2 protein chains.
Amino acid sequence: MAKELVFGHQNPDTDAIAAAISYAYLEKQLGADTEAVALGAPNEETAYALDHFGVSAPRVIETAANEVQAVMLVDHNEPQQSVSDIADVRVSHVVDHHRISNFNTAEPLYYRAEPVGCTSTILWEMYEQHEIAIPQAIAGLMLSAIISDTLLFKSPTTTPLDRAAVVALAKIADVDYEAYGLAMLKAGTDLSAKSEAE
Amino acid sequence: MAKELVFGHQNPDTDAIAAAISYAYLEKQLGADTEAVALGAPNEETAYALDHFGVSAPRVIETAANEVQAVMLVDHNEPQQSVSDIADVRVSHVVDHHRISNFNTAEPLYYRAEPVGCTSTILWEMYEQHEIAIPQAIAGLMLSAIISDTLLFKSPTTTPLDRAAVVALAKIADVDYEAYGLAMLKAGTDLSAKSEAE
Ligand SMILES: [Mn+2]
Ligand SMILES: [Mn+2]
Ligand SMILES: [Mn+2]
Ligand SMILES: [Mn+2]
């Protein structure tokens, strides 16, 4: 099976990075040859989450067609939010929680969207359905993404499924999700450190 | 929860009719207020399957917006294959096995597509995942749809999942799927009866 790159949208947020890592891992367990990459460097919040759970930031790509023939998209579907040469590769899989817009394919594909607060919530369901164990570090990144997208359940896009996912993932990751989540959100909005450095 | 209509494409085939019936039933078990309808009368093959399993043909609609605000699409996504006033309703759910083309939404939705031989195969997976029992008659229609779309596994679009679904559904429906499937496919191509009647 030919290698495929898995990535989220440009200007990646925590869900774009975490969903790429967790979906690449899930598809690898299901037999695909995948690599999680990103369309940009992690922001401060994502860097905090990656550091906390000991995961390296995914390699940043500018184009995909020079490496692979097919890709898997997470946390987006709109071509203008995707890799610059998205028109030159086949999209084989999408996992997302946004509206569908300007997304067209020549062939059938795997597409999974649900109107929930975070892509990582859908991925948690998919791990459950395939009965694949989530590694501790990946569980930590997934709950980080859900806390980020839902602002610790304060966003109106939050659903009961997002809460259920965080509770289940926190057990696997072995963290107090409220304390950790507040610290992570604070790391993302903490401009003082940046100002001092500048 | 407001009522939603569930339907397949224009000039419905057995999958378009069977998937509407089985998805409407599944969503009803999950708490939605659904009615399976159709964008045309059943063809000869579908009429044979409905008659065999004792299910009435779904009501035929010309427009949807006069009845509901939101709809669920099965076995298609392209607006030109859908109800005439598709632009005037919200699409809340799609279950399909075709390419995605000209399908755009203003809001997030539930979208589930897989590159398998039949929509009813995906629905079988969804019943499994939700652990909802499939009524005998609906199981019969679902296996009819898979046999129809895959031409009893002869079509190159056939996947191992389609075969697994038919074997499982045949147990629930209590039919010999090979004998039944050949008779159903024959009913759909049997022009002699029609010629005699004409
Ligand atoms: Mn995002
Ligand atoms: Mn997201
Ligand atoms: Mn069809
Ligand atoms: Mn079909």
Side-chain angles (χ1 to χ4, degrees), chain A residues 1 4 15 27 30-32 70 72-80 86 90-119 121-132 149-150 155-162, chain B residues 1 4 15 27 30-32 70 72-80 86 90-119 121-132 149-150 155-162:
Chain A
M1 191 169 280
E4 299 192 31
D15 193 26
E27 283 292 333
L30 296 174
M72 303 185 185
L73 308 184
V74 291
D75 201 37
H76 76 296
N77 66 85
E78 304 191 32
Q80 62 272 31
I86 188 70
R90 184 170 66 87
V91 177
S92 69
H93 294 66
V94 178
V95 183
D96 189 23
H97 65 123
H98 298 95
R99 67 171 185 167
I100 297 178
S101 185
N102 296 316
F103 181 82
N104 296 286
T105 66
E107 289 168 56
L109 75 162
Y110 186 98
Y111 198 110
R112 180 134 177 184
E114 294 184 31
V116 295
C118 183
T119 301
T121 300
I122 305 168
L123 288 167
W124 170 70
E125 287 184 283
M126 291 170 67
Y127 272 96
E128 294 278 308
Q129 287 164 5
H130 288 292
E131 293 178 350
I132 288 175
D149 269 8
T150 66
S155 161
T157 58
T158 310
T159 69
L161 210 60
D162 299 304
Chain B
M1 191 168 280
E4 299 192 31
D15 193 25
E27 283 292 332
L30 296 174
M72 303 185 185
L73 307 184
V74 291
D75 201 37
H76 76 296
N77 66 84
E78 304 191 32
Q80 62 272 31
I86 188 70
R90 184 171 66 86
V91 177
S92 70
H93 293 67
V94 178
V95 183
D96 190 22
H97 65 124
H98 298 96
R99 67 171 187 169
I100 298 178
S101 185
N102 297 314
F103 181 82
N104 295 286
T105 66
E107 290 167 57
L109 76 163
Y110 185 98
Y111 198 111
R112 180 135 175 184
E114 294 183 32
V116 294
C118 185
T119 301
T121 300
I122 305 168
L123 288 166
W124 169 69
E125 285 185 284
M126 290 169 68
Y127 272 96
E128 294 277 308
Q129 286 164 5
H130 288 292
E131 293 179 350
I132 287 174
D149 269 9
T150 65
S155 161
T157 58
T158 309
T159 69
L161 210 59
D162 299 304

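Computed from a predicted structure; not experimentally measured.
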Ranking B:Ser92, B:Ser101, B:Ala106, B:Ala113 by heavy-atom pairs under 4.5 Å to chain A gives rank one to B:Ala113

Under the 3.5 angstrom rule, does the side chain of B:Thr105 hit a backbone N or O of A:Arg99 as a donor-acceptor pair?
-> no

Would you mind telling me which of A:His93, A:His97, A:Glu114, A:His98 has the largest number of heavy-atom pairs within less than 4.5 Å of chain B?
-> A:Glu114

Given that the side chain runs from C-beta out, which part of A:Glu107 has a heavy atom under 4.5 Å from chain B: side chain, backbone, both or neither?
-> backbone

Can you tell which part of A:Asp96 gets under 4.5 Å to a heavy atom of chain B, answering side chain, backbone, both or neither?
-> neither

Which atom of B:Tyr111 lies closest to which atom of A:Ile100, heavy atoms considered | CD1-CD1, 3.4 Å

